[in-house]
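These notes are about the structure you will find just below.
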Amino acid sequence: MVPLLLVLHRSRFHLKQQQLQILGASLNGPLLIHQQSLFTLRHFCFTHNDFQGSPSDHSLSSSSPTHSVVRTVCALVCQSYYHQHTHFRSRPPKLNLSIDSELLSPEQAITVVASLASEAGSMVALSFFYWAIEYVKFRHFMRLYIVLAKSLIQNGNLEKAHELMQCMVKNFAEIGKLSEAVNMVIAMQSQGLFPSTWTFNCILRVATEMGLVELAESVFDEMCERGVCPDSFSFKLMIVGFCRMGRVSEVNRWLSSMLEGGFLVDNATCTLIISVLCEKRCENRALWLLNKMMEMGFTPNVINFTCLINGLCRRGSIKQAFEFLEEMVKKGWKPNVYTHTALIDGLCKKGWTEKAFRLFLKLVRSDAYKPNVHTYTAMITGYCKEEKLNRAEMLLTRMHEQELVPNANTYTMLIDGHCKVGNFNRAFELMDTMSKEGFTPNICTLNAIIDGLTKKGRAQEAYKLLKWGLKGGLYADGVTYTILISESCKQEDTRQALGFFNKMVKLGMTPDIYSYTTLIAAFCRQKRIKESERIFNDTVRIGLVPTRETYTSMICGYCRDGNASMAVKFFQRMSEQGCAPDSLTYGALISGLCKESKLDDARALYDTMMDKGLSPCEVTRLTIAYEYCKKDEPSTAMVVLDRLDKKLWIRTVNSLIRKLCSESEVDMAALFLHKLLDEDQNLDRVILEAFLTACYDNKKYALVSDMSERISKGIG
Ligand SMILES: *[C@@H]1O[C@H](CO)[C@@H](O)[C@H](O)[C@H]1NC(C)=O
Ligand SMILES: *[C@@H]1O[C@H](CO)[C@@H](O)[C@H](O)[C@H]1NC(C)=O
Ligand SMILES: *[C@@H]1O[C@H](CO)[C@@H](O)[C@H](O)[C@H]1NC(C)=O
Ligand SMILES: *[C@@H]1O[C@H](CO)[C@@H](O)[C@H](O)[C@H]1NC(C)=O
């Protein structure tokens, strides 16, 4: 081994102090310099006009220190380059340069690359460049890239220039200057470097990976405008980018334009798209894509099918899910435990636990796949929802027998089930077991119990439990607050309800329309319609969609407040929003209109309601009939009641007679009683007694004898 210094001495080079400093550790390096490098070295150290081709502002007089630094670096680069390799290579070698980067300014680096490119060739310049960009001060120095690119173009190395541009894009994206780099790539056109599909794809990749999909889209447009054809990769990058962000409509749009462009979607991309579509509940589109892919010869596997089946089940499209199961089996794939769990869960969510259980048993009996914790949990949840707790408990026992460890979710579901039927002892027992097995009850567990307790009128216990949980480090979530708001409203404590509500908002949780409706209904019950109106306005302002219950509460509130015209306004608003009123809504409004003696309007609503096949409740039926009687129009009342089926008709007429008797309208009561006897021979004794009493009280003895005669003829 000959140290560099010796070589230099032998070549009779004279290095200045600074040059020696830059050489630094090279002195210790293994340096055998062959003929070519010796030539280059001499060239750089002794040629005085060696900066031809470099930018003029970097041409310095040979005596300046910059010049000598540049010369030394160039010499070292050549020496290291030729030392490392003599053969042809497509990639520049990694240089073993021991130059102190601190002593080289970015401007000097530019001079180095320019002179290396023109004197020693593109590869040598590139190898120095790749060494330099390991240092931040060179890496993010735009002009270094531009000068090198220009030199490469001059040397005719267009491919390397493209590579360089891609490198620039990546490195500038790192520091948030992607757009700047993209602009530069496009500007390089004036230097004769026309961006290729390859370079644009690189930009698209970098942009989409950073989530800058809008930028990617504009680059894509730019690409097309410049006549550079996007290829399947360009489309794929856009699709994958939007998939990552879960932006389904854009995924769809790009997928369509990709297919329209005649490009094929590869199966990895397809899988990604399908799983995103399923996740975002766009199963129809996923199905469409899968079918399309199958047409094109793509063979989905078990995982792909399961992903889709799971998506369909979650949406409640059980039939479609089973169709896909069939398709899957036809294709020779055996559904696995995950496929089955998805189906069982879907069936249970629909309330078809028996079907789910048959599938579950099939799994138990199969040799290949045994139900796992998730399968058991799905089945247990299904049974709990149907209040079949014995069966749920049986499954828990089976789990233990199978040495499957239930998880926190399994316990929580079971606890929820027991709370719903009011079996709190078992719920608490399960909570203990759960803790013993190492699962701390979470806020969902607590919510289940609190909800159960409040619904059974044991609010104080619920509050105590909640306090205990919060002390133990749990945080109330949106569900907890919703329960608390409901409970406060039930107790007509609107102040407390509002307190919870505001706290929830303060904590950054968004109360759902259910909570808003609960509050609105509570204020309506208290005849504080202004407050309800304010809350209603809030829900609309924050973009929540009022439900039928919300509108119905408002309508009830206005009717209670004797403001039927506002109630009608809300009723109309409801229809305009595409929200269909139910019998409760109609009932509330009909009663409200009756109270203000707007009988024609009430009658019209009543008829619409009946036309729609909605059954009016007892109060509605009675109110409208009674109001007509009060207006001395018993015949209209009869016409109104005639629309009811026989059972309801009898019930309503009975109630009406009783009400008329209590209001001393005995003549009218007699009219209806005769009508009732025409229809129904089994007259209720209580009604008859009430009628007779009312006749005596009002001294209508003739009515008594009439009725007695008819009854002795008819019924015994
Ligand atoms: C993915 O597509 C290729 C080409 O169409 C095909 O050969 C391969 O089998 C596919 N992979 C799977 C798992 O379907
Ligand atoms: C779906 O199929 C592809 C290839 O066909 C495979 O690479 C992928 O892992 C499968 N499943 C999912 C969930 O991606
Ligand atoms: C609610 O909004 C309506 C119009 O959108 C307005 O007329 C009404 O005064 C508002 N009510 C309250 C209580 O703010
Ligand atoms: C009905 O309510 C509206 C809005 O709250 C109010 O402007 C109007 O005065 C009320 N009408 C009656 C009769 O109370």
Side-chain angles (χ1 to χ4, degrees), residues 314 341 344-345 348-351 353 356 373-397 399-400 404-491 497 500-501 503-504 507 509-515 517-518:
R314 251 193 341 218
T341 302
I344 288 169
D345 196 38
C348 284
K349 284 210 171 80
K350 278 256 166 180
T353 44
V373 181
H374 304 293
T375 327
Y376 271 101
T377 305
M379 202 60 239
I380 287 175
T381 308
Y383 277 140
C384 285
K385 223 178 93 191
E386 299 203 334
E387 304 191 350
K388 290 178 178 161
L389 284 152
N390 288 339
R391 287 179 156 239
E393 285 282 351
M394 182 228 13
L395 285 176
L396 186 71
T397 314
M399 266 181 105
H400 286 301
L404 281 171
V405 184
N407 60 26
N409 198 21
T410 323
Y411 281 116
T412 300
M413 289 303 153
L414 203 51
I415 288 171
D416 189 40
H418 280 294
C419 288
K420 286 221 161 68
V421 298
N423 189 0
F424 295 104
N425 288 342
R426 178 63 184 149
F428 284 120
E429 204 175 282
L430 281 167
M431 203 162 85
D432 276 346
T433 317
M434 180 176 176
S435 308
K436 276 193 202 117
E437 287 187 9
F439 299 107
T440 9
N442 54 32
I443 192 67
C444 299
T445 324
L446 227 54
N447 285 343
I449 304 181
I450 293 169
D451 189 41
L453 285 172
T454 52
K455 289 218 168 91
K456 299 280 172 196
R458 291 163 66 172
Q460 292 316 312
E461 283 168 80
Y463 294 150
K464 235 168 89 184
L465 180 68
L466 182 61
K467 248 187 207 149
W468 169 83
L470 298 182
K471 232 187 201 166
L474 291 178
Y475 290 96
D477 64 1
V479 179
T480 323
Y481 279 106
T482 306
I483 297 168
L484 293 173
I485 291 168
S486 288
E487 179 56 25
S488 309
C489 286
K490 205 169 80 191
Q491 292 169 359
F500 285 131
F501 192 87
K503 189 150 180 205
M504 191 172 175
L507 288 171
M509 301 173 206
T510 8
D512 55 9
I513 187 66
Y514 172 80
S515 296
T517 304
T518 312

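For the atom pair CG (N407) and CE (M434), the distance works out to 8.5 Å, reported to the nearest 0.5 Å. Taking CG of N447 as the start and CD1 of I483 as the end, the distance is 4.5 Å to the nearest 0.5 Å. To the nearest 0.5 angstrom, I415 atom CD1 is 11.0 Å from C444 atom SG. Within the model, atoms CG of L414 and CG of L395 stand 9.5 Å from one another, a figure rounded to the nearest 0.5 Å. Interatomic distance, OG1 of T482 versus CE of M509, reported as 9.0 Å (0.5 Å rounding).
Under the side-chain hydrogen bond (donor to acceptor under 3.5 Å, both in side chains) criterion, R426 pairs with E393, E429, sequence neighbours left out. In this structure K503 satisfies the side chain to side chain contact (heavy atoms under 4.5 Å, CB included) test together with Y481, L507, sequence neighbours excluded. Residues satisfying the salt bridge (charged side-chain N to carboxylate O under 4.0 Å, His left out) test with E386, not counting sequence neighbours, are K388. Scored by the ring-ring contact (aromatic ring centres under 6.0 Å, His included) test, Y376 finds F360 as partners (sequence neighbours excluded). Partners of E461 according to the side-chain hydrogen bond (donor to acceptor under 3.5 Å, both in side chains) rule, which considers only residues two or more places apart in sequence or in another chain, are R458. When the side chain to side chain contact (heavy atoms under 4.5 Å, CB included) test is applied to T341, the partners found at least two apart in sequence or on another chain are V337, N372, H374, T375. With sequence neighbours excluded, the residues satisfying side chain to side chain contact (heavy atoms under 4.5 Å, CB included) with A356 are I344, L347, C348, M379. Applying the side chain to side chain contact (heavy atoms under 4.5 Å, CB included) test to L470 and every residue at least two apart in sequence or in another chain returns L466, A476. Qualifying ring-ring contact (aromatic ring centres under 6.0 Å, His included) partners for Y411, counting only residues two or more places apart in sequence or in other chains: none.
For the pair T518/F501, no side-chain contact is recorded, criterion being any heavy-atom separation below 4.5 Å from C-beta on. Contact of the I449 side chain with the F428 side chain is registered, since non-hydrogen atoms from C-beta on lie closer than 4.5 Å. Using a 4.5 Å heavy-atom cutoff, the side chains of V373 and V405 are not in contact. At least one side-chain heavy atom of M504 sits less than 4.5 Å from a side-chain heavy atom of I485. A heavy-atom distance below 4.5 Å is not found between the side chains of M394 and N390.
The salt bridge (Lys or Arg N to Asp or Glu O under 4.0 Å) pairs that include a residue from residues 430-452 are D451-K455, where partners are two or more places apart or lie in different chains. Sorted by first then second residue, the salt bridge (Lys or Arg N to Asp or Glu O under 4.0 Å) pairs that include residues 405-416, not counting sequence neighbours, are D416-K420. Sorted by first and then second residue, the salt bridge (Lys or Arg N to Asp or Glu O under 4.0 Å) pairs with a member in residues 473-488 read E487-K490; sequence neighbours excluded.
For the side-chain contact (heavy atoms from CB on, under 4.5 Å) test with T445, the passing option among T412, I450, T440 is T412; the others fail.
Closest heavy-atom contact between Y514 and S486: OH-OG, 3.6 Å. Closest approach of C419 and A427 over heavy atoms only: SG-CB, 3.8 Å. Of all heavy-atom pairs spanning M431 and P441, the tightest one is CG-CG, 3.4 Å. A pairwise comparison of heavy atoms in A378 and D345 identifies CB-OD1, 3.7 Å as the closest pair. Closest of all the heavy-atom pairs between G469 and L446 is CA-CD2, 3.7 Å. Pairing each heavy atom of M399 with each of P406, the nearest pair is CE-CA, 3.6 Å.
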### Task
Kindly indicate, with the supporting measurements, whether the criterion side-chain contact (heavy atoms from CB on, under 4.5 Å) is fulfilled by T480 and Y475.
CA-CA 9 Å; T480 323; Y475 290 96; over 6 Å; no
